[in-house]
Each structure stands twice: as C-alpha cells, then as structure tokens.
Engineer: 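This is the structure I have questions about; it appears just below.
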Amino acid sequence: MKPVLQVKDVCKTYPPELPGGSEIPVLRQMDFTISRNSLTTLLGPAACGKSTLLNILAGLDEADSGTILLNEMDIHSTPRSRRTLVFSSQTMLPWLDVRSNIELGLRVNQVSAENRRIRAEEAIYQTGLSGYEKHLTMDLPPGLRQLTALARALALEPEILLMDEPFTNLDAQARLVLQKRLLRIQKEKPRTILFTTHDMDEAILLGDTIHLLSPRPGTITTSIPVELPHPRSHHAMTHPTFIQIKKQLMDILLV
Amino acid sequence: MLNNRTPYKGHSWLVLSGLALFFCLWCLFSYSGAVNPILLPSPSRVANECLRLLCKGVLLRFTLASMGRVLIGWSTAVLLAVPIGIMIGVSRRAAALFQPAILFARYIPVVALLPLSMLYLGTDNTQKCFIIFLGSFFQLVLMVASSMQAVPRDYVRAGATMGMANKQIFRHILLPCAYPSILNDTRITIGWAWTYLVVAEMAGAHSGLGFMIFRAQNYLATDRIFLGLILIGFIGVLTDYLFKMLIDVLVPWKKNI
C-alpha cells in the first residue's frame with residue numbers, strides 16, 4: 001500500500017536570532033513515511049525540531065530543502081485544513097462555546113450548515129464531549145479543552161492529523177484519560193496521525209511506529225515498529241513487548 | 001489581589017467609608033475654621049451655590065454644553081481612531097505609514113495647540129470639540145493598535161491550521177479577540193476627553209463647566225470652583241460605571257478571564 005505521507009531529506013535552519021549570531025540548524029535530513037490509518041509517534045527531547053517539522057507539515061512554516069508528498073502529491077497542493085494541527089497550548093477561542101469552536105473550522109471552509117452540524121456532532125460524540133456543547137471552553141478543565149481541540153481537528157476530516165505534544169501540558173490523570181480516548185478513536189475509526197511526544201510510555205502505548213529523534217538538529221536515529229496487539233489499553237504497558245521496546249529505547253537514550 | 005474580578009463586590013461599606021472619610025475631612029477642615037473659608041468653602045456653601053445655579057438654570061445648561069462637547073469630540077475620535085488603530089495593528093504597511101506621524105503628534109501638548117486652533121476655527125463649539133478630539137485621538141489610535149497586536153499568536157496559528165485565509169483570520173480571530181480591549185480603550189479615553197474639555201474651555205468659552213471654573217477664579221468664588229470639580233468627577237465616575245456595565249453585557253466571556 002502506498003504511504004499517505006512521504007518526507008524526504010527535509011532540512012531546516014533558522015537564521016541567527018541576533019545579528020552576528022550563528023544559524024540554528026533544527027532539522028537535518030528528515031526521512032520517513034507514514035502509512036494510511038496508522039499512528040506514528042515522533043519521540044524526542046524538547047527543542048529537537050519536532051514542532052518545526054509539524055509546523056512545516058501543517059503549512060505554518062516552510063522547509064529549506066527536501067520533498068514532502070501527501071497522497072503522492074506535493075504537500076502544498078493540499079489545503080492546510082486537510083493537514084490540521086493540534087497544538088500543545090490552549091488554542092480554543094474563549095468567546096465561542098465548544099460546538100462553535102468545532103464548527104468554526106468547517107464554516108470557514110464553506111461546509112453547509114447541515115453538514116457542519118452532522119460533522120460537529122460526530123466529532124463531539126467521538127471525543128466524548130456530549131453534554132458540553134454549550135459550555136464556553138474556558139469554563140472546562142484543561143483535559144476537556146484539549147479534547148475540544150481534538151474534536152475541532154477531527155471534524156475537519158484531515159488526510160493526516162498532526163498532533164504536537166497534545167497531552168504534554170495536562171496533568172497526569174487527564175493525560176491518561178486522553179490517551180485512552182485517542183486509543184478508542186483509533187479503534188473505532190482509525191486515522192492517519194503523526195504524534196510528537198517526549199514521553200516514552202506515551203510513544204509506545206499510542207504508536208504503531210516510533211521514530212526516535214536526535215537532539216537538535218533533529219534527525220531520525222532509530223525507527224521501531226510497535227507490535228502490540230490492537231485494540232490497546234493501558235494494560236498493554238505491562239505487556240512483554242512494551243517492556244522490551246522501552247528497554248531498547250532506554251539503551252539507546254542512556255548510552 | 002488574587003481574586004479581583006469584581007473588585008468592590010461585598011465591600012460596599014468600604015466604598016462608602018472611603019468616600020465618607022474624604023467628606024469628613026472636608027467638613028472638619030472647613031467647619032472648624034482651620035482653613036480660610038475663601039480657600040476651602042464648606043460643603044453647605046457648595047450645596048447652596050449648587051441650588052442657586054440650578055434654579056437660575058445655568059448649571060444644567062453648562063453641564064449639558066460640556067457633555068455635548070465631550071461626546072462629539074470623543075466620538076469623532078473613536079470613529080476615526082478605531083479603524084486606523086486596527087489597520088496599524090494588523091498591517092505593517094499601515095503601521096509604517098501612520099505610526100511615526102501619530103507618535104510625533106502625540107507628544108505635542110494639546111494646550112500648546114490652543115492658540116492655533118482658535119486662529120483656525122474661532123472660539124465656537126467646533127474649536128472646543130476639536131481640542132477634545134486632538135487630546136483623545138492620538139492616544140486612542142496607539143492603544144487600539146496595541147490591543148490588536150496583543151492577540152495571542154497561538155490563536156492566529158490555530159486559525160491558519162483550520163484553513164483560514166488572512167481575511168478570515170482578521171474576521172474570525174483578530175477582531176473578536178481584540179474587541180473587548182478596544183472597548184476598554186475607548187472607556188479610558190473618555191476620561192481624557194474630560195481633561196481636555198477643561199483645557200478647551202480655558203479660553204474663549206462662554207459656557208460649560210470648565211468655563212464656570214475659570215470664571216469663578218476671577219471672583220474668588222471657590223464654592224463654584226468646587227462645585228464644578230465635583231460635578232466633573234461625578235460625571236466621570238458615572239460614565240466609567242456605565243461603560244463597565246456595557247462591556248460586561250457585550251462581552252460576557254471576558255469576565256472570567
């Protein structure tokens with residue numbers, strides 16, 4: 001099967017912050033592919049270029065060199081809403097309620113009112129936000145707010161869903177709940193997802209494939225397929241395969 | 001300090017005591033004779049003067065004249081400053097075109113423009129409103145521009161990843177997000193408009209509370225001066241209060257932030 005996303009030899013360097021300073025190389029020869037309906041995790045330390053890569057894929061930044069193909073076409077030919085990004089920070093608009101936040105993306109993309117309602121309803125159901133439609137997002141706890149961000153992205157029905165450390169800023173309990181929700185979404189209606197994290201457990205639990213990134217400038221050092229059975233739950237964290245992958249990752253990281 | 005969403009809530013007795021303290025000090029110094037009554041008129045004398053001028057009809061006429069000038073000068077400033085401020089806030093080209101000139105103009109004291117304004121426009125209401133306009137316009141433009149620039153970048157990025165074009169980001173993200181602080185900017189500016197009203201009525205005026213204050217100086221009628229000051233303060237507080245209520249009604253989501 002053809003991969004949905006092909007990233008070939010992508011490099012990115014930021015200009016110096018101060019005149020006379022040195023350039024900051026962030027990405028070096030990034031190379032990987034993502035197959036349809038799989039969840040790929042990019043595991044790497046803070047500031048290793050994960051966000052830069054996702055920003056490039058989402059169309060919020062440009063690569064210096066390399067090729068990126070989405071469905072075998074140059075990624076620029078796919079509108080940004082079809083490769084939408086879920087941020088780690090709070091990006092729900094505080095003047096809109098949950099439903100309007102979710103529908104806004106559809107509204108600006110000229111989806112009819114009827115279809116907007118259906119798609120928002122489905123996203124709300126999938127993320128378990130039923131009953132919160134009329135709440136202003138700032139009245140919700142951070143976990144539910146981040147679920148709204150996920151629902152907003154799902155409603156856009158993207159070719160590839162980009163998630164940039166979406167659970168990093170949540171408390172440990174909310175993080176477990178959202179991980180569980182994402183596993184359930186992947187079980188019921190799998191999507192193509194690229195997910196970054198610096199949490200080893202999260203990378204193994206959620207990922208079908210893990211790409212381990214080096215510190216800046218980021219490049220993939222190791223790729224590990226996660227052969228844990230689906231559907232998964234947090235019980236998988238005691239599975240021998242899980243422990244073996246974790247050990248393998250530690251051996252690489254703690255050299 | 002930790003919870004100051006509605007700063008006075010549950011403290012109405014403190015609000016009253018604060019005002020009462022002020023009033024008591026005034027009574028103490030004036031009725032005891034500690035201060036020359038010409039310099040500090042007693043509350044009863046100010047009240048008397050208030051009644052007298054009310055009966056003559058002058059007070060109402062002067063108050064309305066001043067309020068009218070403030071309203072016209074200030075609302076012209078709002079009508080022009082808000083769109084220009086928004087443009088400066090979102091477009092680098094507009095900023096390059098307008099901002100340096102406005103920064104320059106802002107530092108020219110409005111009082112120093114009184115002679116020119118009278119030379120150009122005479123001493124009628126147009127000139128008074130123009131002075132108020134000058135006093136509020138330049139400040140407001142810069143405040144509105146910075147309110148636009150204060151929109152969190154993450155909201156703009158979120159708009160972009162939802163597929164919004166620049167126009168849509170402006171309409172769906174920048175404007176609704178900056179709208180409450182722009183309202184607040186106009187609220188702050190109306191206070192300044194009152195300051196410049198008094199400046200405008202310093203010279204060449206025949207009516208208004210500022211005029212009343214300056215004329216009273218010639219007759220050493222300090223009771224009338226006090227009356228004018230208290231009235232202006234009172235109108236200011238009332239306007240501010242009404243504005244805050246309006247903002248609460250128009251942007252309920254801002255209360256909880």
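Just so it is clear: chains get the letters A, B, ... in the order the sequence lines come, proteins before strands, and each one is counted from 1. Since the structure is predicted, the reported quantities are computational estimates derived from the model, not experimental observations.
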Engineer: Look at G105(A), A58(A), A149(A), P79(A) and state which one has the largest set of heavy-atom pairs under 4.5 Å with chain B.
Structural biologist: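 Among the listed options, the one with the most contacts to chain B is G105(A).
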Engineer: Considering only heavy atoms, which portion of L85(A) lies under 4.5 Å from any heavy atom of chain B: side chain, backbone, both, or neither?
Structural biologist: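 Contact with chain B is through both the backbone and side chain of L85(A).
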Engineer: Show your working on side chain to side chain contact (heavy atoms under 4.5 Å, CB included) between R157(B) and T91(A) and close with a plain yes or no.
Structural biologist: CA-CA 9 Å; R157(B) 282 157 44 84; T91(A) 57; over 6 Å; no
Engineer: I need the minimum non-hydrogen distance between V108(A) and M162(B), along with the two atoms involved.
Structural biologist: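 Distance-wise, the nearest heavy atoms are CG2-O, 3.9 Å.
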Engineer: Hey, is CZ on R184(A) packed in by over 12 heavy atoms from elsewhere, all under 6.0 Å?
Structural biologist: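 No.
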Engineer: With a 4.5 Å cut-off on heavy-atom pairs, point out which of L162(A), N109(A), L106(A) contacts chain B the most.
Structural biologist: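 The option with the most such pairs is N109(A).
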Engineer: For the candidates G159(B), G163(B), A160(B), which exhibits the highest count of non-hydrogen atom pairs separated by less than 4.5 Å from chain A?
Structural biologist: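 That would be A160(B).
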Engineer: State whether the number of non-hydrogen atoms from other residues, nucleotides or ligands found under 6.0 Å of E17(A) atom CD is greater than 12.
Structural biologist: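 For E17(A), atom CD is not crowded (no more than 12 foreign heavy atoms under 6.0 Å).
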Engineer: Measure across F87(A) and T161(B) and return the closest heavy-atom pair with its distance rounded to 0.1 Å.
Structural biologist: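 Residues F87(A) and T161(B), closest heavy atoms: CE1-CG2, 3.8 Å.
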Engineer: Does atom CZ (R107(A)) have a neighbourhood of more than 12 heavy atoms from anything else shown, all under 6.0 Å?
Structural biologist: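 Check fails, neighbour count at 12 or below.
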Engineer: Which value, rounded to the nearest 0.5 Å, describes the distance between L93(A) atom CG and Y155(B) atom OH?
Structural biologist: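 Interatomic distance, L93(A) CG to Y155(B) OH, rounded to 0.5 Å: 6.5 Å.
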Engineer: Taking atom CZ as the centre, does R171(B) end up with more than 12 heavy-atom neighbours from other residues, nucleotides or ligands that are less than 6.0 angstrom away?
Structural biologist: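 Count not over threshold, so no.
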Engineer: Within the supplied structure, the quantity of interest is the number of heavy atoms (other residues, nucleotides, ligands) at a distance under 6.0 Å from Y14(A) OH; does it exceed 12?
Structural biologist: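 For Y14(A), atom OH is crowded (more than 12 foreign heavy atoms under 6.0 Å).
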Engineer: Between D154(B) and S89(A), is there a side-chain donor-acceptor contact under 3.5 Å, judged purely by atom types and distance?
Structural biologist: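 The criterion, which ignores hydrogens and geometry beyond distance, is satisfied for D154(B) and S89(A).
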Engineer: Under 4.5 Å, counting heavy-atom pairs only, tell me which of L156(A), V86(A), L96(A), L104(A) racks up the most with chain B.
Structural biologist: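 Of the candidates given, the most pairs with chain B belong to L104(A).
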Engineer: Could you measure the distance from the CE atom of M164(B) to the CZ atom of R80(A)? Nearest 0.5 Å is fine.
Structural biologist: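 Atom-to-atom, M164(B):CE and R80(A):CZ are 10.5 Å apart.
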Engineer: For Y132(A), I'd like to know if atom OH has over 12 heavy atoms of other residues, nucleotides or ligands within 6.0 Å.
Structural biologist: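 Atom OH in Y132(A) is not crowded, with 12 or fewer foreign heavy atoms closer than 6.0 Å.
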Engineer: Would you say D171(A) has more than 12 foreign heavy atoms packed within less than 6.0 Å of its CG?
Structural biologist: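 Counting neighbours around CG of D171(A), more than 12 heavy atoms of other residues, nucleotides or ligands fall under 6.0 Å, so yes.
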Engineer: With only heavy atoms counted, which part of R82(A) is less than 4.5 Å from chain B, the side chain, the backbone, both or neither?
Structural biologist: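 Interface part for R82(A): neither.
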Engineer: Count the heavy-atom pairs under 4.5 Å between each of P152(B), P180(B), A158(B) and chain A, then report the option with the highest count.
Structural biologist: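 Going by pairs under 4.5 Å, I would pick A158(B).
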